[in-house]
Amino acid sequence: PPELEFEDVDLVGLLERSAERYPDRTALVFLQRRMSYRELKDKVDRLATGLEQLGVGKDSRVAIQLPNLPQTVIAFYATLSVGAQAVMTNPMYMPREIEHQWHDAGCTTAITTDFLYADKLRPIRETLPITNYVVTSIPDLLPLPWRWLAPLVLKKKQPRAVAPIPADPGVHRFRDLLRRAPSPRRVAHDLDDIAILQYTGGTTGVSKGAMLTHRNIACNVQQLRTWLTGVEEGAEVVLAALPYFHVFGLTVCMNMSVACAATAVVIPDPRDMQGLIGSIVTERVSVLPAVPAMFLAINTWPDVDTLDLTCVKGCFSGSAPLPQDTAARFTELTGATIIEGFGLTETSPVTHCNPFGGLKKPGSIGIPVSNTDARVVDANDGAIEKSPGEDGELLLAGPQVMAGYWGRADETAATLIDGWLYTGDLATMDEDGYFRIVGRKKDMIVAGGYNIYPDEIDDVITEHPDVHECCAIGVPDSRRGESVKVFVVKRPGAVLSGEDIRGWCRDRLAAYKIPRHIEFRDDLPRSTMMKVLRRVLRDEELATRAAQAEPGGPNPGGNGDTSPEAL
């Protein structure tokens with residue numbers, strides 16, 4: 001439907017309702033632990049009581065720096081229960097990033113793991129604004145004897161996965177707080193109260209906190225539930241492998257799962273394909289939100305054809321374009337269709353999706369979800385409406401759009417204009433109202449006056465049967481301004497040259513889009529969402545070129561690329 005009548009329910013209300021309707025249904029599965037909705041709600045109440053006793057209350061900011069664990073779900077809802085705001089923090093952040101985020105947000109309490117506290121936080125405590133640390137260990141909520149055995153198993157895989165918790169001032173054990181008698185009361189929320197500060201690099205500048213309200217996320221959950229037809233309340237099993245600290249995982253894997261009273265199969269590391277695929281099979285996962293790299297990894301898993309994956313009935317892909325051969329292979333394995341969608345941190349995140357059971361256009365992000373408006377405007381002017389088929393900047397409006405950036409009125413004013421969010425993404429809309437992302441304004445390559453979108457180059461080269469993945473960037477060119485360089489990962493055993501790539505492109509791209517520089521790599525840098533980091537490749541390339549320009553530096557034949565294929 002183009003419009004929904006939204007329920008007036010905050011995020012904690014979603015959990016309360018599922019716990020009331022389905023108290024005995026399994027809410028979370030983690031290793032040898034199965035936790036019902038009744039037990040989840042009880043532990044949320046207990047931790048909320050403990051946080052209140054530590055002074056956490058209305059409008060406090062609580063940093064939650066955890067991988068996907070049952071403790072992460074408990075910490076999130078307990079934080080909101082006492083009226084505080086959650087600041088989801090990437091466990092892979094380095095000290096500089098942690099210091100910036102927690103000072104910027106004004107966090108006073110942090111919930112983290114023993115190894116993160118020992119390795120990253122304790123050495124920089126004096127530089128952080130945190131008064132109280134609530135520290136958990138991965139095995140904390142496992143039943144005996146697994147709680148005793150798990151540290152031994154974890155240390156074999158990762159020596160620092162478990163660490164002793166020191167008796168430092170202001171350090172509190174997560175399990176000790178759960179022993180507090182629960183208080184059934186919680187702070188009442190206005191739906192426009194901020195629920196989380198979700199940090200993003202945005203389109204410019206340093207990392208900014210997107211202020212997402214209870215209304216933003218609760219509406220987005222309801223939009224998704226309506227869009228994902230066939231999802232039954234109290235009957236689904238959702239794979240929770242996307243990181244909870246990322247807005248995609250937070251909304252789709254946590255909040256939507258809770259709203260549907262689904263069972264979430266919690267996977268701490270989305271790169272653990274053995275554990276991930278094993279969980280799909282053993283737990284009979286029915287709803288699988290993922291990113292393209294995860295679908296590709298499942299497709300290419302050894303002996304995957306011998307596994308029964310037909311339990312999967314609904315798949316949602318986002319974060320990056322989905323190669324069509326990857327989608328087709330996954331459908332062959334499972335019988336399920338992968339539906340592509342689109343979203344941003346600033347939009348809670350989902351704004352577009354191909355309809356389940358409706359017209360699906362490969363390579364398209366679909367149409368706007370209910371109550372969401374979208375426009376394509378001139379990328380330079382920002383006001384001139386573009387016609388169908390013409391590219392421009394994507395503008396969005398809807399109940400899931402953030403309230404603004406925390407403490408950054410200027411950034412907010414530059415991004416939210418006359419009720420529209422200026423995304424910085426370049427898109428086209430076809431005659432049917434289906435949208436396609438063609439690139440980012442800041443990623444666009446301008447060669448000899450022509451605009452080139454890296455995503456288009458990536459899509460064409462990835463279609464080559466011997467290419468595993470590809471990433472295109474613009475590199476300085478004294479004559480053309482910029483030219484195209486691509487980083488290519490071959491499929492195992494493939495024999496491929498730079499000229500092979502160029503020949504493939506000549507039949508499929510205009511001459512000015514054909515890569516002038518080609519570098520083969522074993523892999524490409526990725527984010528925690530397994531998205532290729534184009535900016536990292538660009539920074540590495542510029543640093544290499546700067547070093548080559550120094551006296552005595554290598555002379556790569558004038559093209560700035562030292563790969564044999566480029567030379």
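One-based numbering along the sequence shown.
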- Apply the test side-chain hydrogen bond (donor to acceptor under 3.5 Å, both in side chains) to residues Tyr77 and Asn255: give CA-CA distance (whole Å), side-chain angles for both, the deciding distance (0.1 Å), then the verdict. CA-CA 10 Å; Tyr77 286 107; Asn255 288 299; 2.8 Å; yes
- So salt bridge (Lys or Arg N to Asp or Glu O under 4.0 Å) across residues 322-332, not counting sequence neighbours, yields Asp305-Arg329, Asp325-Arg491, Arg329-Glu332
- Message: I'd like to know if the side chain of Gln101 pairs up with that of Asp104 as donor and acceptor (distance under 3.5 Å, no hydrogens or angles considered).
- Response: no
- Message: Under a 3.5 Å cutoff, is there a donor and acceptor pairing between the side chains of Arg25 and Thr263?
- Response: yes
- If you count the non-hydrogen atoms of other residues, nucleotides and ligands that lie under 6.0 Å from NZ in Lys531, is the total more than 12? no
- Worked check of ring pair (Phe, Tyr, Trp, His ring centres under 6.0 Å) between Phe248 and Phe316: CA-CA 11 Å; Phe248 189 8; Phe316 184 72; 5.7 Å; yes
- Message: Please determine whether a side-chain nitrogen of the Lys or Arg among Lys361 and Glu340 lies less than 4.0 Å from a carboxylate oxygen of the Asp or Glu.
- Response: no
- Note on the structure: Rounded to the nearest 0.5 angstrom, the CE-CD distance for Met402 and Gln198 is 12.5 Å
- Non-neighbouring partners of Ser257 that pass side-chain contact (heavy atoms from CB on, under 4.5 Å), sequence neighbours left out: Val238, Ala262, Ala264
- Which residues pass the side chain to side chain donor-acceptor pair (under 3.5 Å) test with Asp59, sequence neighbours left out? Gln85
- Item | Interatomic distance, Leu394 atom CG to Lys386 atom NZ [nearest 0.5 angstrom] | 14.0 Å
- Message: Can you confirm whether Asp410 is buried at CG, in the sense that more than 12 heavy atoms of other residues, nucleotides or ligands lie under 6.0 Å from that atom?
- Response: no
- Query: Is any side-chain N of the basic residue among Asp10 and Arg215 closer than 4.0 Å to the acidic one's carboxylate O?
  - Reply: no
- Query: Taking the side chain as C-beta and beyond, is there a heavy-atom pair between Gln223 and Val350 under 4.5 Å?
  - Reply: no
- Tell me yes or no: between the side chains of Glu233 and Tyr22, is some donor less than 3.5 Å from an acceptor? yes
- Does Arg436 pair with Glu456 as a salt bridge, N-O distance under 4.0 Å? no
- Do Glu469 and Arg526 meet the salt-bridge criterion of a basic N to acidic O distance under 4.0 Å? yes
- Message: Using modelled atom types and a 3.5 Å cut-off, is there a donor and acceptor pairing between side-chain atoms of Ser387 and backbone atoms of Glu390?
- Response: no
- Do NZ/NE/NH1/NH2 and the carboxylate oxygens of Asp455 and Arg534 come within less than 4.0 Å? yes
